[in-house]
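As structure tokens, the structure follows; a few thoughts come after it.
Below, chain A is the first sequence line, B the second, and so on; all start at residue 1.
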Amino acid sequence: MSGSGHLFERLRHKVLAALEALCKAGELPPTDVSGVGVDVPKAQGHGDVATNAALMLAKPAGKPPLEIAEMIAREMRKDGSFEKVEVARPGFVNFTLKPESVVAELAEVLRTGGNYGKNTSGSGKKVNVEYVSANPTGPLHIGHVRGAVFGDVLANLLEWSGFDVCREYYINDAGLQVDVLARSAFLRYREALGEDIRAIPEDMYPGEYLCAVGKALAQEHGKSLLEKDESEWLPAVRETAVASMLKMIKEDLRELGIVQEYFASEREVLERGGVEQVLKRLNKKGLLYEGVLEPPKGKEVSDWKPREQTLFRSTAFGDDTDRALKKADGSPTYFVNDIAYHFDKFERGFSEMIDVWGADHGGYIKRQQAAVKAMTDGKGYLDIKVCQLVRLLRGGEVVKMSKRAGTFVTLRELVKEAGRDATRFMMLYRKNDAVLDFDFAKVVEQSKDNPVFYVQYAHARACSVLRAADEMPELHNKDAARDFAKLRHSKELDVIKQMAAFPHVVENAARAHEPHRIAFYLYELASVFHILWSEGKRNPSLRFLNSEDCETTLDRVGLIRGVSQILSNGLSILGVEAPEEMR
RNA sequence: GGUCCCGUAGCUCAGUCGGAUAGAGCGCUAGCCUCCGAAGCUAGAGGUCACAGGUUCGAAUCCUGUCGGGACCGCCA
């Protein structure tokens with residue numbers, strides 16, 4: 001097969017070429033063809049691939065869809081690579097591929113190997129994916145895991161689509177919570193010096209992970225900090241404590257296989273004058289004013305009083321109400337810091353930004369997007385992906401967690417119990433905006449109830465056949481370049497067709513920012529492979545290995561190598577191992 | 001009061017930049033190991049895609065409204 005790109009792309013180009021030819025011949029007026037696509041028909045009996053071209057063009061061309069479909073079909077029949085080209089109501093053109101064309105895609109899979117499925121739709125464009133961004137005040141817990149995995153896999157996916165991706169973490173190291181952290185660490189410091197600190201006060205972080213920070217402070221400063229006033233020791237203690245928390249968080253993330261490259265500090269953004277820049281810029285655009293906000297509804301805010309303060313006209317960009325940028329005392333709000341941070345990203349060259357947030361931040365989407373639009377004159381684009389809650393179950397029973405009681409499940413505990421692979425896969429086996437149930441009992445189960453094992457098992461099974469093939473002396477020293485002429489059974493071709501969809505799936509998942517599609521695709525590919533395998537049990541002529549027939553065996557070994565390649569490629573996008581055996 | 005998300009088979013969910021007869025797993029019923037991994041496979045039953053309107057040649061998908069479930073609302077972070 002000639003041409004570049006994967007099967008679907010090539011077919012789409014052929015359809016477009018046919019339309020162009022019809023235009024030239026004066027049979028169709030020139031029209032917008034951006035909506036023309038090729039896809040796998042949902043129902044059986046409509047060929048391998050279909051195009052909606054005639055339906056899309058019917059209106060602009062002023063002709064009945066069936067008539068246009070006939071014209072396209074006539075044009076496409078000139079291409080020899082189709083078994084059948086059929087027109088179907090209301091105006092689809094259905095293509096049935098020749099087996100030669102199907103197996104040619106297998107050759108392509110084997111030729112490109114670990115790169116099969118990559119595309120260049122991102123064309124080197126810079127994109128920033130910010131995820132996790134947990135407050136640096138303690139270890140990561142279950143609530144952070146979903147967003148962490150989602151962001152990481154989305155970044156992988158964008159890389160597969162040819163984007164220049166930056167994986168980023170925003171450190172909230174400037175708010176009150178890091179002062180509380182510093183005070184909590186200071187208490188542990190006194191403890192490390194031998195003082196009896198009694199119970200940890202309500203307004204401090206009780207976690208024992210701070211003991212190590214206290215000891216480190218004692219080693220570094222001796223008793224010298226005890227004599228100082230809080231205003232003197234706090235900055236230094238805060239710095240040490242934040243650095244220590246961040247180190248712990250990075251270690252937590254590594255447990256999940258996640259390594260981010262850029263850690264943006266809120267404090268540094270502020271020190272560079274980020275807030276002043278925001279105020280100046282918005283003011284210049286006439287988007288600031290002094291005003292009084294309505295009191296919040298639905299929730300009591302005990303200390304709310306109507307006050308005049310600096311507001312951002314975010315309603316001009318789709319927000320529900322204008323937002324405060326300065327507190328009553330004139331200090332900047334968290335929101336204005338966030339605006340400064342996003343503008344910092346934009347100035348670092350990221351006009352395309354993706355934030356991965358937890359469900360509890362859903363209400364902040366509009367204002368942040370409004371701010372990016374306003375600050376960048378619409379040149380910056382921010383997509384915000386909200387990951388819904390994870391409900392932790394153990395054998396169908398909800399695991400109750402409480403931060404106060406310290407019964408929160410940490411990332412580390414989760415990975416230790418469920419394993420990295422199962423954790424990552426299951427976090428993606430649901431759309432990001434739907435609530436996810438994560439059942440410990442299910443994710444470690446080794447059966448087809450458990451998608452991660454089902455997919456990994458398919459890979460292990462494939463490898464098992466390849467090992468057996470290696471031990472067949474009659475297969476050695478055969479020419480590797482094959483035309484796969486022996487692969488003609490419909491079930492074999494089905495597997496290759498499923499494989500051929502992989503690049504399409506990767507591209508679409510990246511474009512939609514929906515990593516879960518990869519997980520579902522892999523489940524389907526594993527399924528058609530298991531089906532083919534079992535078919536060999538029923539029908540011995542379909543068994544993969546047959547020492548009486550080397551030609552067929554070699555072709556089938558190629559098929560299996562292709563399946564294992566794609567399973568492995570897809571799993572690598574998910575950051576999940578592709579095991580060679582699972583016994 | 002308002003914003004966002006969800007509502008598809010008994011259960012858990014895919015499918016949604018509009019496309020053909022709406023799919024999978026679990027559970028249920030009936031089968032398949034002398035045979036490359038049965039951790040698997042085959043067949044069957046099971047649906048007015050929450051409801052009501054609208055747009056369209058065509059709606060699970062888009063728009064409006066209603067009902068049900070969840071997250072949330074700040075000068076906090």
Original post:
Does B/rG44 have a Watson-Crick or wobble partner in any strand here, with both distances under 3.5 angstrom, and which is it?
Top reply: B/rC28

Original post:
When you compare B/rG25 with B/rG40, how far apart are their P atoms, in angstrom units rounded to a whole number?
Top reply: 12 Å

Original post:
Given the rule in the side-chain hydrogen bond (donor to acceptor under 3.5 Å, both in side chains) test, do A/Y289 and A/D322 qualify, once you have shown the distances and angles that lead to the verdict?
Top reply: CA-CA 10 Å; A/Y289 67 100; A/D322 292 338; 2.5 Å; yes

Original post:
Roughly how far apart, to the nearest Å, are B/rC49 and B/rC13 at atom C1'?
Top reply: 13 Å

Original post:
Given that both distances must come in under 3.5 Å, which nucleotide forms a Watson-Crick or G-U wobble pair with B/rA22?
Top reply: none

Original post:
Quick one: is B/rG74 close enough that its OP1 or OP2 comes under 4.0 Å of any side-chain N or O from A/Y364?
Top reply: yes

Original post:
Heavy-atom contacts under 4.0 Å between residues 314-322 of chain A and RNA chain B, which residues?
Top reply: A/D320

Original post:
When we call it a touch if two heavy atoms are under 4.0 Å apart, what does A/G175 touch: a base, just sugar-phosphate, or nothing?
Top reply: sugar-phosphate

Original post:
Would you say a side-chain N or O of A/R538 is under 4.0 Å from OP1 or OP2 of B/rG31?
Top reply: no

Original post:
Which part of the nucleic acid, if any, lies within contact of A/L545, taking any heavy atom under 4.0 Å across all strands shown: a base, the sugar-phosphate backbone alone, or nothing?
Top reply: base

**OP:** Tell me whether the OP1 or OP2 atom of B/rA38 has a side-chain N or O from A/Y454 closer than 4.0 Å.
**Re:** no

Subject >> Phosphate OP1/OP2 of B/rA71 contacted by A/R391 side-chain N/O (<4.0 Å) >> reply: no

Original post:
Which word best sums up how the rings of A/Y429 and A/Y523 line up, parallel for under 30°, tilted for 30 to 60°, or perpendicular for over 60°?
Top reply: tilted

**OP:** Give the C-alpha distance, both sets of side-chain angles, the deciding distance and a yes or no for side-chain contact (heavy atoms from CB on, under 4.5 Å) between A/F312 and A/V278.
**Re:** CA-CA 10 Å; A/F312 163 44; A/V278 169; over 6 Å; no

**OP:** Hey, which sits more toward the 5' end of RNA chain B by its nearest nucleotide, A/N172 or A/M582?
**Re:** A/M582

Original post:
Are OP1 or OP2 of B/rU3 and a side-chain N or O of A/H361 less than 4.0 angstrom apart?
Top reply: no

**OP:** Rounded to the nearest angstrom, tell me the gap between atom CG in A/N52 and atom P in B/rC57.
**Re:** 17 Å

**OP:** Could you tell me whether the phosphate oxygens of B/rA38, OP1 or OP2, come under 4.0 Å of any side-chain nitrogen or oxygen in A/K537?
**Re:** yes

Original post:
Is any side-chain N or O of A/K327 closer than 4.0 Å to OP1 or OP2 of B/rC76?
Top reply: yes

Subject >> Sidechain-backbone polar pair: A/N94 side chain, A/A50 backbone, donor-acceptor under 3.5 Å >> reply: no

Original post:
So do the side chains of A/E581 and A/R467 get within less than 4.5 Å of each other, counting heavy atoms only?
Top reply: yes

Every protein N/O within reach of nucleotides 20-28 of chain B N/O, cut-off under 3.5 Å:
from: B/rA20; atom 1: O2'; to: A/H46; atom 2: NE2; distance (Å): 3.4
from: B/rA20; atom 1: N6; to: A/N94; atom 2: OD1; distance (Å): 2.9
from: B/rA20; atom 1: N1; to: A/H46; atom 2: ND1; distance (Å): 3.4
from: B/rA20; atom 1: N1; to: A/N94; atom 2: OD1; distance (Å): 2.9
from: B/rA20; atom 1: N1; to: A/N94; atom 2: ND2; distance (Å): 3.0
from: B/rA20; atom 1: N3; to: A/H46; atom 2: ND1; distance (Å): 3.4
from: B/rC26; atom 1: OP1; to: A/K448; atom 2: NZ; distance (Å): 3.2

Original post:
Does A/Y131 reach the side chain of A/K385, with side-chain heavy atoms less than 4.5 Å apart?
Top reply: no

Original post:
What distance, rounded to whole Å, do you find between the two C1' atoms, one in B/rG23 and one in B/rA14?
Top reply: 7 Å

Subject >> Distance between C1' atoms of B/rA60 and B/rC51 (Å, rounded) >> reply: 14 Å

Subject >> Aromatic plane relationship, A/H141 with A/H144 - under 30° parallel, 30 to 60° tilted, over 60° perpendicular >> reply: tilted

**OP:** Check the pair A/Q446 / A/Y457 against side-chain contact (heavy atoms from CB on, under 4.5 Å), numbers first and verdict last.
**Re:** CA-CA 9 Å; A/Q446 308 208 342; A/Y457 177 48; over 6 Å; no

**OP:** Take atom C1' in B/rU16 and the same atom in B/rU8, then report the distance between them in whole Å.
**Re:** 12 Å

Original post:
Across the strands shown, which category fits A/L55 at heavy-atom distances under 4.0 angstrom: base, sugar-phosphate, nothing?
Top reply: base

Original post:
Under the rule syn = chi within 90° of 0, otherwise anti, which is B/rC51?
Top reply: anti

**OP:** For a side-chain contact (heavy atoms from CB on, under 4.5 Å) with A/L436, tell me which candidate from A/K431, A/R146, A/R391, A/M426 qualifies.
**Re:** A/R146

**OP:** Tell me what A/E581 touches on the nucleic acid: a base, only sugar-phosphate, or nothing, going by heavy atoms under 4.0 Å.
**Re:** base

**OP:** Starting from C1' on B/rA71, measure out to CG on A/N432 and report it in whole angstrom.
**Re:** 14 Å

Original post:
How is A/L325 classified with respect to the nucleic acid when contacts are heavy atoms under 4.0 Å: base, sugar-phosphate, or nothing?
Top reply: nothing

Original post:
Between B/rC36 atom C1' and A/R543 atom CZ, what is the distance in whole Å?
Top reply: 5 Å

Subject >> Whole-Å C1' distance, B/rG46 and B/rC32 >> reply: 23 Å

Original post:
Looking at A/T31 and A/P60, what are the two nearest heavy atoms and their distance?
Top reply: CG2-CB, 3.4 Å

Subject >> Whole angstrom value for the distance that separates C1' of B/rC57 from CD1 of A/I68 >> reply: 12 Å

**OP:** Please measure how far the C1' atom in B/rA30 lies from the corresponding atom in B/rA22, and state the result in whole Å.
**Re:** 26 Å

Subject >> Distance between C1' atoms of B/rC17 and B/rG37 (Å, rounded) >> reply: 43 Å

**OP:** Select base, sugar-phosphate, or nothing to describe what A/A359 touches, counting heavy atoms under 4.0 Å on all strands.
**Re:** sugar-phosphate

Original post:
Is there side-chain contact between A/R556 and A/L487, with heavy atoms separated by less than 4.5 Å?
Top reply: yes

Subject >> Sugar-phosphate only, base, or nothing, as touched by A/R556 at under 4.0 Å among non-hydrogen atoms >> reply: nothing

Subject >> SB check A/R538 A/E535 (cutoff 4.0 Å) >> reply: yes

Original post:
Within less than 4.0 Å of OP1 or OP2 of B/rA38, is there a side-chain N or O belonging to A/W533?
Top reply: yes

**OP:** For the pair A/D355 and A/H361, evaluate side-chain hydrogen bond (donor to acceptor under 3.5 Å, both in side chains) and give the outcome as yes or no after the intermediate values.
**Re:** CA-CA 11 Å; A/D355 285 7; A/H361 284 67; over 6 Å; no

Original post:
What nucleic acid atoms does A/L293 come within less than 4.0 Å of, heavy atoms only: base, sugar-phosphate, or nothing?
Top reply: sugar-phosphate

Subject >> Residue matched to B/rC51 through Watson-Crick or wobble contacts both under 3.5 angstrom >> reply: B/rG65

Original post:
Starting at CG of A/D39 and ending at C1' of B/rU16, how long is that distance when rounded to a whole Å?
Top reply: 13 Å

Subject >> A/M56 vs A/D360, nearer the 5' end of RNA chain B by closest nucleotide >> reply: A/M56

Original post:
Should the ring pair A/F438 and A/F440 be called parallel, tilted or perpendicular, given that the plane angle runs from 0 to 90° and is split at 30 and 60?
Top reply: perpendicular

Original post:
Between the side chains of A/N135 and A/T137, does any donor sit under 3.5 Å from an acceptor?
Top reply: no

For nucleotides 5-13 of chain B, which of its nitrogen or oxygen atoms have a protein nitrogen or oxygen under 3.5 Å away, and what is each distance?
from: B/rC5; atom 1: O2'; to: A/D433; atom 2: O; distance (Å): 2.6
from: B/rU12; atom 1: O2'; to: A/R430; atom 2: NH1; distance (Å): 3.4
from: B/rC13; atom 1: O5'; to: A/R430; atom 2: NH1; distance (Å): 2.9
from: B/rC13; atom 1: O3'; to: A/R430; atom 2: NE; distance (Å): 3.3
from: B/rC13; atom 1: O2'; to: A/R430; atom 2: NH2; distance (Å): 3.2

